[in-house]
Every structure is written in C-alpha cells, then in structure tokens.
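Have a look at the structure below, then the notes.
Nothing here was measured: the structure is a model prediction, and the numbers come from that model. One-based numbering along the sequence shown.
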Amino acid sequence: QVQLVESGGGLVQAGGSLRLSCVASGRTISGYTMGWFRQAPGKEREFVAAIVWSGGSPYSADSVKGRFTASRDNAKNTVYLQMNSLKPEDTAVYYCASDRRTYSSARYQAPDEYDAWGQGTQVTVSS
C-alpha cells in the first residue's frame, strides 16, 4: 500500500519561502510522475506543480509559475515543492500525489490522473 507523507508546511509572511517534502513508502516513486496540488477552504483541489519520473521538465500552474518548483530525490523516495515569493492567496492545504502510470512523460494536471495521495500539510501566508 502506497503511503505519502507531506511535511514542511507552516505560517509564513508574504514574500517568504517554504519547502515542502513528501516521503513515499510502499512504492518506489522513481518511475512515476509526482504532483503537488492544493485546496483552499471552499475551493476545489487544484494542480500546483509536478515533475516527471526522469526528473527533467518540472512544470507548474500559471498561478505559481516562476515561484514554485517541484523536484525529486529518487534515492530518498522523496519529492519537494520549493515555494518562493509566497502570497496570501497561496494559503491552502498542500497535497502530494503519485501518477498511476509508470515511465510516462505526459504532463498530467488533473487530480484523477493520480492514484495515491498524502494527507496534506497546511500552508498559511500572512499579509
């Protein structure tokens, strides 16, 4: 059974930075695209950023482009989300997720393309 555990969330002032981590167990993630999503109160879960299995070509949503970057360390079975220049509108619960396919370089953004999810970590950005 796949388990994903996020950490690194917290309270930060606008303009600050955080790095989220997601450690996987029960699945070797080196062959999977890993994504990050977020959900704010009263809103739907939305795609934030992802990185394909090979580690190249991380991609992100327009709302965070140039500020957030996904990365991975396959040796540690861990993915990261570096978040810079944080804004109050970035406040949400952040989730990592694993793609359901192996060795795919397609840039999945829809939540239903991912079959394993973490429990989430809260990020709060104060103005």
Side-chain angles (χ1 to χ4, degrees):
Q1 184 176 356
V2 180
Q3 186 174 17
L4 303 175
V5 179
E6 302 95 337
S7 62
L11 174 64
V12 63
Q13 288 189 331
S17 298
L18 283 174
R19 189 177 81 153
L20 306 183
S21 300
C22 172
V23 180
S25 59
R27 174 182 288 179
T28 301
I29 66 169
S30 58
Y32 295 84
T33 291
M34 299 295 294
W36 288 93
F37 292 78
R38 67 186 181 187
Q39 188 165 18
K43 295 188 176 181
E44 292 187 353
R45 190 168 297 190
E46 65 173 355
F47 171 78
V48 175
I51 185 164
V52 299
W53 67 273
S54 61
S57 303
Y59 55 103
S60 57
D62 288 344
S63 59
V64 305
K65 197 159 292 183
R67 301 188 297 122
F68 292 12
T69 303
S71 62
R72 65 194 302 155
D73 185 339
N74 288 336
K76 296 182 178 179
N77 225 32
T78 300
V79 293
Y80 305 97
L81 181 67
Q82 179 66 45
M83 305 186 295
N84 299 325
S85 301
L86 282 159
K87 304 175 181 180
E89 53 263 42
D90 295 320
T91 295
V93 177
Y94 283 72
Y95 301 89
C96 72
S98 173
D99 178 20
R100 65 180 70 252
R101 288 148 291 240
T102 54
Y103 303 109
S104 172
S105 295
R107 296 189 166 199
Y108 302 114
Q109 297 188 24
D112 60 8
E113 300 287 358
Y114 295 79
D115 71 339
W117 293 82
Q119 83 291 346
T121 185
Q122 177 70 47
V123 172
T124 303
V125 184
S126 63
S127 57

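Between C96 and E6, the shortest heavy-atom contact is N-OE2, 2.9 Å. Heavy atoms only, all atoms of each residue included: V52 and S104 are closest at CB-O, 4.3 Å. Closest heavy-atom contact between A50 and G35: CB-CA, 3.7 Å. Here the closest heavy-atom approach between residue V2 and residue G26 is recorded as CG2-O, 4.1 Å. The nearest pair of heavy atoms linking A14 to S127 is CB-CA, 4.4 Å. Between P111 and R45, the closest heavy-atom pair is CG-O, 4.4 Å.
Annotation: W36 is not in aromatic contact with F68 [ring centroid separation under 6.0 Å not met]. Taking the centre of each ring, F47 and Y59 come in below the 6.0 Å mark.
Rounded to the nearest 0.5 Å, atoms CG (L81) and CG (L20) are 5.0 Å apart. Expressed to the nearest 0.5 Å, how far OH of Y108 lies from CE of M34 amounts to 14.5 Å. For the atom pair N77 CG and C22 SG, the distance stands at 9.0 Å (nearest 0.5 Å). Within the model, atoms CZ of R72 and CD1 of I51 stand 6.0 Å from one another, a figure rounded to the nearest 0.5 Å. Distance CD/Q3 to CZ/R27: 13.0 Å, rounded to 0.5 Å.
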Residues Q39, Y95; criterion side chain to side chain contact (heavy atoms under 4.5 Å, CB included); working and verdict
CA-CA 8 Å; Q39 188 165 18; Y95 301 89; 4.2 Å; yes
When you look at M83 and V125, which way does the side chain to side chain contact (heavy atoms under 4.5 Å, CB included) test go after all the steps?
CA-CA 11 Å; M83 305 186 295; V125 184; over 6 Å; no
Go through it in stages, so that I can follow the logic: the residues are V123 and R38, the test is side chain to side chain contact (heavy atoms under 4.5 Å, CB included), and I'd like the CA-CA distance, side-chain angles, deciding distance and then a yes or no.
CA-CA 9 Å; V123 172; R38 67 186 181 187; over 6 Å; no
Working for side chain to side chain contact (heavy atoms under 4.5 Å, CB included), residues N74 and W53:
CA-CA 9 Å; N74 288 336; W53 67 273; over 6 Å; no
I would like to know whether R100 and E113 meet salt bridge (charged side-chain N to carboxylate O under 4.0 Å, His left out); could you show each step before the answer?
CA-CA 6 Å; R100 65 180 70 252; E113 300 287 358; 5.1 Å; no
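Remark: the backbone N or O of S30 is not paired with any side-chain donor or acceptor of T28 at under 3.5 angstrom.
In the hydrophobic clustering of ILVMFWY residues, with side-chain heavy atoms under 4.5 Å counting as a link, Y114 and V93 come out together. There is no path of hydrophobic side-chain contacts, each under 4.5 Å, that joins L11 to L86. Under a hydrophobic-cluster definition in which Ile, Leu, Val, Met, Phe, Trp and Tyr are linked whenever side-chain heavy atoms come within less than 4.5 Å, directly or via other members, L18 and L4 are assigned to the same cluster. One hydrophobic cluster, built from ILVMFWY side chains closer than 4.5 Å, holds both Y94 and I29.
When the shell of 6.0 Å around NZ of K76 is examined, it contains 12 or fewer heavy atoms from other residues, nucleotides or ligands.
Between D90 and K87 there is no salt bridge, since no side-chain N of the basic residue sits under 4.0 Å from a carboxylate O of the acidic one.
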